[in-house]
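All remarks here apply to the structure that follows.
Residue numbers start from 1 in every chain, and the chains themselves are labelled A, B, ... in the order their sequence lines are given, proteins ahead of strands.
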Amino acid sequence: MDFKLDPADEAFRQEVRAFLKENLPPDLARRGACGFHPIRADQRRWQRTLFERGWGAPNWPVEYGGTGWSHLRQFIFDEECALAGAPATDNGGLRMFGPVIYTYAGAELKARLLPGILKGELYWGQGFSEPGAGSDLAALATRAVRDGDEYVVNGHKIWTTGAHTCDIIGLLVKTNPEAKQRGISFLCVDPATPGITVRPIIDIGEAHSLNEVFFDNVRVPVSNLLGEENKGWTYAKAVLENERATSAEVPLNKRKLAQLRHIAMHERSDGCRVIDLPGFAPRLAQLEVDLRALEWLTLRALTEKSEGAVLPYGSLLKVRGSELVQRIGELTVEALEQYGSYLYAEPGEDPDAKPDWPPGPDYAPGVVADFMYRRAATIYGGANEVQRTIIARSFLGL
Amino acid sequence: MDFKLDPADEAFRQEVRAFLKENLPPDLARRGACGFHPIRADQRRWQRTLFERGWGAPNWPVEYGGTGWSHLRQFIFDEECALAGAPATDNGGLRMFGPVIYTYAGAELKARLLPGILKGELYWGQGFSEPGAGSDLAALATRAVRDGDEYVVNGHKIWTTGAHTCDIIGLLVKTNPEAKQRGISFLCVDPATPGITVRPIIDIGEAHSLNEVFFDNVRVPVSNLLGEENKGWTYAKAVLENERATSAEVPLNKRKLAQLRHIAMHERSDGCRVIDLPGFAPRLAQLEVDLRALEWLTLRALTEKSEGAVLPYGSLLKVRGSELVQRIGELTVEALEQYGSYLYAEPGEDPDAKPDWPPGPDYAPGVVADFMYRRAATIYGGANEVQRTIIARSFLGL
Amino acid sequence: MDFRLTDEQEMLRDSARRFLEKECSLEQRLHAPVNGGFDAARWAQFAEMGWLAASLPEDCGGLGGDIVEAALLMEEFGRNLVVDPFWGIGVLAAQTLLAADADKARELLPLLCAGELRPALAHHEVQSRGVIEHVTTQARPAGDGAWTLHGEKTLVMGGNVADRFIVSARTSGGSRDRQGITLFLIDANVPGLQRRDVRLIDNRWSAEVTLDGVRVTSADLLGAVGEGWAALEYGHARGLIALCAEAVGVMERAMWITRDYLRTRKQFGVTLNTFQALQHRMAEMLIELELSRSMVYRAMAYLVRPLAARQAALSVAKARVGQSGRFVCAQGIQLHGGIGVTEEYSIGHYFKRMTVFENELGSAQFHLEQLALRECAEPAAARAQN
Amino acid sequence: MDFRLTDEQEMLRDSARRFLEKECSLEQRLHAPVNGGFDAARWAQFAEMGWLAASLPEDCGGLGGDIVEAALLMEEFGRNLVVDPFWGIGVLAAQTLLAADADKARELLPLLCAGELRPALAHHEVQSRGVIEHVTTQARPAGDGAWTLHGEKTLVMGGNVADRFIVSARTSGGSRDRQGITLFLIDANVPGLQRRDVRLIDNRWSAEVTLDGVRVTSADLLGAVGEGWAALEYGHARGLIALCAEAVGVMERAMWITRDYLRTRKQFGVTLNTFQALQHRMAEMLIELELSRSMVYRAMAYLVRPLAARQAALSVAKARVGQSGRFVCAQGIQLHGGIGVTEEYSIGHYFKRMTVFENELGSAQFHLEQLALRECAEPAAARAQN
């Protein structure tokens with residue numbers, strides 16, 4: 001065992017920090033640090049900046065334009081970006097779908113899809129869940145029937161994050177209705193294709209990131225099939241595993257905890273800082289303790305991964321990471337008191353628009369909206385109850 | 001709705017308090033207030049005192065020698081006794097079995113059993129659980145075969161509290177092995193009957209209250225059958241319901257919380273009272289909050305009972321009452337620090353014996369032993385998991 | 001002690017339930033938030049049905065009820081997540097006015113009962129955080145027995161539709177002294193008063209009120225100069241209980257909505273109610289609900305006790321109801337899955353209501369800390385007996 | 001950063017595991033508690049296998065290992081609930097001695113490694129409660145460079161079988177000053193020293209040591225006069241990590257024992273492992289276990305950091321491991337049902353060990369409060385980056 005941080009990794013951290021200081025525009029950082037869903041324009045702009053630096057895909061191998069960084073360096077990079085307030089990059093393209101594309105897709109599809117992700121020009125939506133297939137994803141009913149060089153798709157997807165702004169949808173469809181998992185295929189679908197209707201789902205933070213997507217005789221070229229027909233379940237599982245691997249969201253939680261500290265040191269009660277109110281700091285300390293535990297469980301997951309992990313790290317991290325983001329949000333809303341009750345509605349996609357917000361300190365907008373949206377953290381990516389069953393069955397043999 | 005306490009009830013409280021002040025010997029109170037299992041000799045002495053005052057059975061109707069008190073008065077009485085440190089009276093005889101006897105037994109059995117309970121001369125043991133029948137009580141296997149005027153009993157009971165000091169055992173047996181619930185009968189068994197062997201079970205507090213009881217061709221007169229043959233399940237359910245009705249143990253929890261306060265005000269850290277250490281008092285306050293919630297849920301259960309309760313109060317109270325006693329114990333052990341780690345072994349049944357204990361303040365002995373024993377609180381009387389299932393099915397219709 | 005409702009109380013509850021389910025369901029008032037959570041015709045109906053009068057004494061135009069009636073109504077409002085400013089105007093402001101000035105109460109409360117007067121309590125300030133005596137708004141002497149008011153009030157519930165404000169201001173003392181707080185009743189459109197309406201995330205409305213040299217005279221006084229605290233405490237005590245009663249309604253309905261969903265929603269080929277982990281979660285929800293209900297009863301019973309015991313009981317209730325409410329409503333969302341976080345489905349709104357609840361009249365943590373202070377200060381013997 | 005064990009470390013762990021499972025199972029040492037938790041022959045074996053030397057430097061007779069080796073051994077001890085005083089003597093006293101006085105360490109630690117010297121650390125006092133610098137035991141000047149020691153020490157782990165005591169005493173300063181603490185090494189049967197042996201509920205033994213005019217001279221000094229704090233901190237840091245590592249072993253074994261029980265125990269006609277609520281509880285136990293293990297790694301990594309960062313990491317670890325350990329072992333009992341609370345079955349002993357853990361080197365709450373003080377004192381920017 002060796003717990004020393006490699007000096008080269010520490011130098012790398014400084015390099016990232018310097019880069020951020022120089023290249024992250026303050027307006028992006030300001031919007032990135034608040035709790036609203038990131039603005040697509042900001043994400044594009046920032047992804048382009050990273051791409052130009054050669055850091056477009058920290059988690060991809062060099063041959064596909066990635067950095068080839070170790071897991072630890074990726075972790076350092078993500079952490080520095082989060083703490084600096086950089087906009088979240090496209091988790092869908094970079095982490096969930098990209099690796100599945102370069103692992104399973106044919107050469108043509110790779111060439112067509114990967115560069116756009118790198119440059120921030122191809123954003124992904126995830127067309128997996130359906131009204132009748134949530135935690136039980138394999139129960140999906142959206143049909144794709146082959147008709148010459150095309151599939152004809154009919155069905156109804158739900159919880160499609162960013163379907164209203166994305167450039168491509170990773171769609172799970174039934175190509176063999178007789179089979180369950182083995183009848184599922186994976187199509188890459190242009191959301192502008194005729195027959196597709198996107199209906200916004202407003203979340204309880206009064207923000208719009210989720211959608212329903214209806215497919216009415218949508219024709220998708222067979223060349224947009226990922227890998228082989230009826231093998232989509234394999235790819236989907238890989239996508240979900242990729243989602244869970246980062247699901248502790250340690251960088252995000254660090255940013256949120258830093259924000260909570262900031263708020264607790266600036267909000268006051270009769271002149272006394274909220275952080276100095278009796279009982280507040282120990283609760284903050286408990287969150288710090290739990291974040292550190294999660295951070296080092298993540299580091300173990302990253303370094304043990306190459307060794308062939310036995311522990312179901314993804315599930316462990318998903319459960320506690322999602323709980324932590326909710327608990328941090330809860331204390332932040334409490335620290336804000338009345339400003340934690342005010343409705344600061346999402347400002348929308350135009351970065352220059354001035355929203356008509358209620359009064360309050362700069363750090364108030366977005367906090368409660370995010371707190372509300374994060375109720376979904378223990379649900380999305382496989383509800384925590386499902387993760388516990390996975391842990392109990394797969395590892396504990398119950 | 002009327003929340004005013006009747007002045008007559010308040011006067012009653014003062015009467016009880018005065019009685020306790022005058023009649024509760026200090027040595028009994030001292031031993032009663034510590035965490036060790038009550039000494040049988042103390043219990044007998046105290047029960048006799050109560051009996052002579054006419055308060056031998058606060059929860060029984062007058063016709064059987066009870067007080068006929070309202071539920072509220074019983075509650076006040078129990079609370080005052082607990083806070084004064086009176087030894088626990090025989091819960092088995094007075095609360096669990098007595099009411100079942102006077103409700104279901106024939107005249108002869110009533111006359112034979114009830115007076116002894118009142119006078120503190122007939123202590124009850126509960127012969128229900130078996131190694132293969134815990135939460136699933138109806139799976140019990142102890143057999144009773146009728147042979148003339150006697151039943152011949154063979155089997156093996158476990159978790160029999162006080163079997164080593166009790167005067168009678170309420171025993172569930174299978175009289176019809178073909179049936180499940182409908183093949184169960186209820187026998188009142190003298191533990192001195194030949195063929196009965198009692199094996200102590202030492203609990204993790206290194207104390208002895210639990211036992212295993214083995215029955216080897218034990219002959220029990222048919223006249224000791226409670227009610228009808230094969231209807232024992234009805235009586236057993238009534239016993240368990242009686243057990244759960246008081247299972248929040250609010251008086252006990254009040255005494256324990258008062259003890260915790262006492263300890264927290266006397267233990268010190270560099271001269272500072274433990275109660276004044278940052279973070280301690282809010283945790284104490286949380287216990288107070290939860291105790292008050294439980295207290296008033298109990299009051300509702302008591303007053304709504306006569307109205308035909310719909311809520312499964314017994315299960316609600318059992319779950320939170322057992323959790324609370326464990327949480328109070330946890331904080332008390334923490335408040336004691338090193339004295340919470342010391343083994344102060346149970347002093348035994350002789351009230352005058354001086355145990356060879358490690359050093360420490362007067363209030364230390366018994367605390368950690370009780371904390372250990374109370375791990376069983378969430379298990380005995382139907383594990384909390386079973387209670388949650390009962391709540392979900394019976395009331396919520398899940 | 002008797003937890004049964006009287007016939008009158010049962011009638012009140014039943015009629016409220018019928019009316020609200022018919023007229024004020026969540027679906028029906030989707031546009032209410034945009035209109036400031038207020039509908040003049042609806043308010044007139046509230047008055048007509050006697051709801052505004054239910055918990056006020058007869059010499060003030062009321063029906064002679066008390067906190068029980070207010071709590072009954074609030075519980076029904078909670079079930080349906082009613083956004084109309086009943087609590088701010090009909091409980092908090094009305095009860096404060098009642099306690100502040102008997103003459104003015106007899107004069108003004110009949111108008112309130114009739115729906116013709118809508119006062120709001122402009123008392124809370126940015127740095128109050130649950131402390132009733134926190135008042136920094138200044139009443140500066142302006143000669144001739146007049147004062148000018150300077151300060152900022154926040155979370156003035158129902159302030160967006162108020163025609164009067166009961167303003168607390170300091171005529172003497174420091175920012176957290178009980179002495180020196182004076183109450184004034186001022187017109188909503190008096191010169192020097194500025195209002196900004198704020199929608200809360202639970203779709204109720206409040207206002208921020210800025211007082212910049214508002215001139216008041218002794219005619220505007222409620223009660224005696226410097227003696228406003230007792231009336232504020234009186235109003236807050238009743239307001240807190242009413243709020244907790246509302247929360248019980250919120251929790252109860254959230255629980256049943258969730259129960260019904262589990263019985264119909266299928267995953268893995270079976271309905272969700274067959275999963276033991278979810279059954280047990282719901283059992284916990286019921287326990288929390290019923291403990292909270294008990295706390296409301298207890299707080300009502302302790303209203304007649306001396307100040308220290310009353311305040312402790314109120315803190316116990318607010319802390320417990322806040323904790324339970326958050327748990328119950330968060331689990332309501334969790335057990336629904338994705339649909340639970342959508343604005344168009346009901347369950348998430350129950351959680352939003354409980355989130356705002358925590359930010360009103362002191363959080364659970366604030367009240368725990370109040371109790372903790374008592375634990376350190378009071379002799380144990382005294383506590384064990386109350 | 002590399003979480004893999006070296007070959008040597010793996011060998012150490014495997015041999016310890018084999019030996020302990022064979023020789024030190026819970027069943028085998030039922031009588032150990034009565035004998036003071038000590039068996040001279042067993043202790044000689046510990047020495048022979050190099051365990052006492054594993055984490056000491058070579059110039060002190062050690063094998064050149066470090067905290068990792070101590071943690072590996074302690075984790076194995078935890079699995080088997082070993083009661084022998086390895087921690088008190090082989091970690092806490094040995095590491096304190098190592099840091100306190102290089103010359104004496106080179107002289108005495110080889111004897112300790114060989115099993116021929118058993119020093120215990122007599123430092124903790126009744127009112128310490130986790131604060132290392134709490135020392136009220138007095139070293140009063142007695143002329144000729146001598147002192148007399150007066151005071152009481154508690155929870156002297158392994159003190160019942162110690163032949164030497166490392167005593168902390170105050171030569172100057174107040175009861176919680178870091179400066180002014182002096183360490184002395186004294187013989188266990190020196191005049192003026194009284195010992196009372198105490199069995200703890202987890203069946204390990206400690207002693208209360210009363211010093212009533214024990215005469216010491218400069219020859220008994222460990223390190224410089226008044227400079228003992230740094231060595232205590234050094235020893236406590238390693239002791240805390242070793243304790244946390246032991247707790248991970250305790251938790252892990254408790255979890256698997258429970259898993260095995262659920263797979264065989266039947267209720268309602270099926271084995272308990274088929275109940276979803278119990279499956280999910282066990283999933284939570286695994287999560288807590290692995291979070292705790294991560295905390296031990298982190299604490300080891302932070303040992304080389306500056307004092308403030310190191311202490312914070314130690315507090316983080318002790319708090320988290322204490323919380324997790326209590327949960328895991330309490331649930332271990334709960335999932336067993338009745339048999340779990342019996343002294344003759346193993347699972348309850350795991351809970352008892354974790355209960356004592358909470359009372360050693362500061363409770364979870366104590367360490368949370370230490371972290372809370374930092375939160376209030378340090379600028380946020382500095383924290384976010386470490």
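Rounded to the nearest 0.5 angstrom, T154(D) OG1 and Y339(B) OH are separated by 6.5 Å. Between the SG atom in C272(B) and the CD atom in Q127(D) there is a gap of 9.0 Å [rounded to 0.5 Å]. Taking CD1 of I201(B) as the reference point, atom OH of Y345(D) lies at 14.5 Å (rounded to 0.5 Å). Annotation: the span from D270(B) atom CG to R176(D) atom CZ amounts to 4.0 Å, rounded to 0.5 Å. The structure places CD of E343(D) at 4.5 Å from CD of E206(B), a figure rounded to the nearest 0.5 Å. Summarising the geometry, atom CZ belonging to R326(D) is positioned 3.5 Å from atom CD belonging to E330(B); distances are rounded to the nearest 0.5 Å.
Q138(D) CD: more than 12 foreign heavy atoms inside a 6.0 Å radius. R182(B) CZ: 12 or fewer foreign heavy atoms inside a 6.0 Å radius. Other residues, nucleotides and ligands contribute over 12 non-hydrogen atoms within 6.0 Å of the NZ atom of K180(B).
Checked by atom type and distance alone, the side chain of R199(D) never pairs as donor or acceptor with a backbone atom of P358(B) at under 3.5 Å. The backbone N or O of D136(B) sits less than 3.5 Å from a side-chain atom of Q267(D), completing a donor-acceptor pair. Distance alone, capped at 3.5 Å, places no donor-acceptor pair between the E334(B) side chain and the E358(D) backbone. Between the side chain of N359(D) and the backbone N or O of E337(B), at least one donor-acceptor pair lies under 3.5 Å.
Contacts between H336(D) and chain B at a heavy-atom distance below 4.5 Å are absent for every atom of the residue. Interface residue A335(B): only backbone heavy atoms are found under 4.5 Å from chain D. For S363(D), the part lying near chain B is the side chain, with the backbone staying farther off; criterion is any non-hydrogen pair under 4.5 Å. With a threshold of 4.5 angstrom between heavy atoms, A330(D) approaches chain B through its backbone and through its side chain. For E360(D), no part sits under 4.5 Å from any heavy atom of chain B, backbone or side chain. Both the backbone and the side chain of A376(B) come within contact range of chain D, judged by heavy atoms closer than 4.5 Å. At a 4.5 Å heavy-atom cutoff, the contact between V126(D) and chain B is made by backbone and side-chain atoms alike. Only the backbone of P131(B) comes within less than 4.5 Å of a heavy atom of chain D; no side-chain atom from C-beta onward does. Proximity to chain B is limited to the side chain of L278(D), based on heavy atoms less than 4.5 angstrom apart. R204(D) does not touch chain B: none of its heavy atoms, backbone or side chain, sits under 4.5 Å away.
I333(D) is listed as a side-chain neighbour of I204(B), based on a closest heavy-atom distance under 4.5 Å. Annotation: side chain of W357(B) is not in contact with side chain of V198(D) (no heavy-atom distance under 4.5 Å). Between E369(D) and L277(B), the closest side-chain pair of non-hydrogen atoms is not below 4.5 Å. Inter-residue side-chain proximity for T355(D) and F371(B) is flagged as met; some heavy-atom pair is nearer than 4.5 Å.
With hydrogens and angles left out, the side-chain atoms of Q334(D) and E385(B) include a donor and acceptor closer than 3.5 Å.
The residue among I379(B), V368(B), L336(B) with the most heavy atom pairs within less than 4.5 Å of chain D is I379(B). Here S341(B) is the residue among S341(B), A369(B), A139(B) with the most heavy-atom pairs under 4.5 Å with chain D. For the set K352(D), K266(D), E125(D), H124(D), the count of heavy-atom pairs under 4.5 angstrom toward chain B peaks at K352(D). For the options L200(D), V131(D), D197(D), heavy-atom pairs under 4.5 Å to chain B are most numerous at L200(D). Chosen from I201(D), D202(D), T136(D), V356(D), the residue pairing most often with chain B at heavy-atom distances under 4.5 Å is I201(D). Of the listed residues (R265(D), E208(D), R281(D), H349(D)), the one with the most heavy-atom contacts under 4.5 Å to chain B is E208(D).
Contact between S269(B) and S128(D) at its shortest, heavy atoms only, is OG-O, 4.4 Å. The two residues Y342(B) and L155(D) come nearest to each other via the heavy atoms OH-N, 4.1 Å. Closest heavy-atom contact between R268(B) and R129(D): O-NE, 3.8 Å.
Between F280(B) and F366(D), the gap from one ring centroid to the other reaches at least 6.0 Å.
In this structure, R199(B) pairs ionically with E344(D), as a charged nitrogen and a carboxylate oxygen lie closer than 4.0 Å.
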